[in-house]
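The chains referred to below are lettered A, B, ... by the order of the sequence lines, with proteins before strands, and numbering in each begins at 1.
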Amino acid sequence: MKKLNIALVGNPNVGKSTLFNRLTGHQQRIGNWPGKTVEIKEGKNKITQDNITFIDLPGVYSIEANSPEEKVANEYIEKKKPDCIIHVIDSTNLERNLYLTTQLLEKNLNVVLALNMIDRADRKGICIDEKKLESLLGVKAIKISSKKGIGIKELIKASSQIDNIEQIKKRREINEELGLKNKSLSPKHRYDVISKVSALVLKKPQCIKSRSRQIDKIVAHPILGLPMFLFIMWLVFQASFSLANPLTDLIEGTFTQISEFSTSQIIALGLPQIFASLISDGIIGGVGSVLVFLPNILLLFFFLLILEDSGYFARIALIMDSLMQKIGLEGKAFIPLVLGFGCNVPAIMASRVLDDEKERLITILINPFMSCSARFPIYVLFAGAFFAKDQGLVILSLYLIGIIIAIISAFILRRVLFKKSTPPSLLIELPPYRVPTFCTIARQTYYKGLLFLKKAGMFILSISLLVWFLASMPLGVEYASEKSLIGTIGSILSPALAPCGFGEWEPTVALIFGAGAKEVVVSTLGTLYGAGEEGLSSAITQNFTPLSAYSFMLFSLLYMPCFAALAAIRKETGHIKWALFSLIYTTAVAWSVSTLFYQLGLFFGFN
Amino acid sequence: VFSLIPLHSAKIDKKYKIIEIKGGSNADQRLSDLGLYIGATITLKRSSFGPILVQVLDSTVAIGRKIAQKIYVDEI
């Protein structure tokens with residue numbers, strides 16, 4: 001049997017990703033980073049095995065316009081020429097979805113229409129005669145529900161049958177009959193074809209009740225929407241925080257036990273003390289201090305995914321538009337910013353939703369100020385040590401400062417770099433609210449967890465070992481003392497950070513290594529100050545004051561993006577100069593803000 | 001005889017037909033991708049503050065005021 005490539009095409013929010021997960025199950029290849037379909041994803045089916053490769057293309061309304069996502073989809077179709085295209089359609093909005101179908105038909109491609117969310121359409125009293133649709137358009141149409149798993153087998157069967165020459169000829173005839181031959185058809189002409197077709201196949205009630213519009217009266221209210229958004233974000237952070245606590249304690253306890261056990265074993269075996277230090281300081285002190293936060297990070301991703309899949313993100317664009325216009329951006333630019341709370345890398349890539357190039361560049365450049373989950377452990381550690389009572393509030397304040405700095409930066413960038421242009425106007429579909437599929441969310445969270453563990457096992461572990469090694473050298477030096485190799489390096493550079501309030505060599509070293517990945521700030525401090533999170537927490541209370549602790553959190557929040565984010569900036573802007581600009585700009589901002597905060601704090605008598 | 005008005009000054013919950021869209025072809029294309037083409041029937045759902053909301057086909061679309069000013073409609 002011939003190997004087939006089947007591509008999934010469709011508008012945003014039609015359940016394409018859910019279908020892709022259904023089709024590919026666990027055999028899906030994970031991309032380089034967690035996130036939406038910003039890159040093309042591939043996967044194979046359990047039953048058909050290697051015979052069929054499914055390709056998930058980004059959600060698009062059209063394959064003719066010029067947004068980056070549309071280009072990706074169009075280029076894939078034109079160049080890779082998939083054997084079949086499954087066009088995923090929201091059955092509750094058939095006519096608008098058929099607009100993309102007309103474009104696919106014009107290209108004379110082997111298309112199968114997947115009439116998704118058929119269960120929803122049924123409930124709303126919408127009736128589609130798919131047999132008639134098939135004969136009118138000359139393509140196969142299968143009713144499915146990717147959420148409930150209805151019609152999936154039929155869809156795979158239909159899409160793996162390649163049309164013979166007879167069928168291709170017939171398809172061409174039908175296209176000519178419909179008048180879908182000419183490539184430069186006007187939208188009006190296309191919609192005329194669609195309304196002719198839908199008059200014959202679509203029956204729907206006169207007035208369809210929309211629960212989403214009722215919800216939007218409150219959630220997307222022009223004035224109440226903003227405080228509502230802040231409240232929802234606060235809830236997300238608070239929940240990912242308090243729900244994770246029991247698990248965090250458990251992991252922490254386990255690591256302490258492992259550390260104690262291995263130390264006692266090493267002593268019992270008569271091995272040199274240095275091995276005990278390697279395990280308890282190097283490995284557990286480093287990697288362990290980061291792994292403790294795995295539950296927090298996973299819950300944060302989990303809740304952000306729920307918000308994303310429910311349809312709330314489009315409302316965020318609507319709510320924020322008026323404010324964003326004032327700083328020279330449109331509301332849609334706020335979506336990549338919110339995604340930045342999870343991880344800046346997919347967030348920077350998600351800036352592709354913006355059509356305007358200047359706007360996209362600004363959105364990319366301000367994204368690193370959105371506090372990603374890798375910085376979360378730093379806040380939990382420091383806020384827990386110094387502001388235990390108001391931990392949630394302190395952490396929220398950092399997120400807000402990040403947003404404010406991002407907004408100010410956007411304002412400045414717009415003024416300085418692109419003087420004359422005016423911000424583009426908002427244009428976005430508000431998809432109906434949907435209860436997210438638990439399986440999809442759980443699976444995505446699981447992948448993010450895997451990626452995090454991989455990062456901890458490879459990158460963070462290597463850095464921790466390197467830090468431990470540098471802290472143990474030269475031989476015979478007291479571990480992690482100023483005379484050690486790493487202490488010497490740190491001491492040379494630390495005066496630069498003294499005005500910010502943390503001029504000791506340990507935090508300096510932590511920040512330097514943290515440039516690789518922000519979690520490393522915590523793991524390095526863990527390695528240098530000693531094992532376990534509890535030990536680390538008390539070590540931090542001895543080495544910082546509340547004022548310098550907050551200043552350190554500010555610096556960690558704002559300073560240079562991690563390597564992965566810098567690479568994403570370079571890739572998405574197409575130029576290394578923007579990555580360098582980001583590195584210098586963010587670090588300068590971090591230093592200035594921390595210094596200002598610390599010096600003012602001292603001036604007003606805080607400590 | 002048409003009585004053209006810009007979309008944002010239309011009445012809530014009344015049906016209108018799009019007669020003219022002024023401005024660049026890019027905005028034009030984006031609008032038609034979402035079902036807002038010349039000849040389309042739409043219903044205004046909100047025009048109080050910030051972007052306006054319209055219902056077109058079976059979806060709701062938020063449109064910034066700057067674009068809305070360029071869309072001229074006629075009551076059906």
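- Summarising the geometry, atom NZ belonging to B:Lys45 is positioned 4.5 Å from atom CZ belonging to A:Arg213; distances are rounded to the nearest 0.5 Å.
- Side-chain contact between A:Asn93 and B:Leu57: present, with at least one pair of heavy atoms (C-beta onward) separated by less than 4.5 Å.
- Of the candidates A:Leu427, A:Leu426, A:Ile428, B:Ile63 forms a side chain to side chain contact (heavy atoms under 4.5 Å, CB included) with just one, namely A:Leu427.
- Contact annotation for A:Glu330: neither backbone nor side-chain heavy atoms come within less than 4.5 Å of a heavy atom of chain B.
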Trace of the side chain to side chain contact (heavy atoms under 4.5 Å, CB included) decision for A:Arg96 with B:Leu34: CA-CA 7 Å; A:Arg96 220 281 313 292; B:Leu34 292 168; 4.3 Å; yes

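- Closest approach of A:Lys188 and B:Ile38 over heavy atoms only: CD-O, 3.0 Å.
- The contact between B:Arg65 and chain A is made entirely by backbone atoms, counting heavy-atom distances below 4.5 Å.
- Looking only at side-chain heavy atoms (C-beta outward), B:Pro51 and A:Ser322 come within less than 4.5 Å of each other.
- Neither the backbone nor the side chain of A:Ala317 has a heavy atom closer than 4.5 Å to any heavy atom of chain B.
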Is there a side chain to side chain contact (heavy atoms under 4.5 Å, CB included) between A:Lys217 and B:Arg46 once you walk through the steps? CA-CA 10 Å; A:Lys217 279 196 177 138; B:Arg46 180 201 286 177; over 6 Å; no

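- Between the side chain of A:Tyr191 and the main chain of B:Ser32, a donor-acceptor pair closer than 3.5 Å is present.
- Residue contact with chain B, scored on non-hydrogen atoms closer than 4.5 Å, involves the backbone of A:His221 exclusively.
- A:Asp216 touches chain B through its backbone: at least one of N, CA, C or O sits under 4.5 Å from a heavy atom, while the side chain does not.
- Only the side chain of B:Ser48 comes within contact range of chain A, with at least one heavy atom under 4.5 Å from a heavy atom of that chain.
- Atom CD of A:Glu357 has 12 or fewer heavy atoms from other residues, nucleotides or ligands within 6.0 Å.
- With respect to chain B, the highest number of heavy-atom pairs below 4.5 Å among A:Pro431, A:Ser212, A:Ala220, A:Ser195 belongs to A:Ala220.
- The existence of a salt bridge linking B:Arg30 and A:Glu70 is confirmed by a sub-4.0 Å separation between a basic side-chain nitrogen and an acidic carboxylate oxygen.
- The pair B:Asp58-A:Lys204 meets the salt-bridge criterion, with a side-chain N (NZ, NE, NH1 or NH2) lying under 4.0 Å from an Asp/Glu carboxylate O.
- Taking OH from B:Tyr37 and CG from A:Asp192, the interatomic distance works out to 6.5 Å, rounded to the nearest 0.5 Å.
- The distance from the CD1 atom of B:Ile52 to the CG atom of A:Leu318 is 11.0 Å, given to the nearest 0.5 Å.
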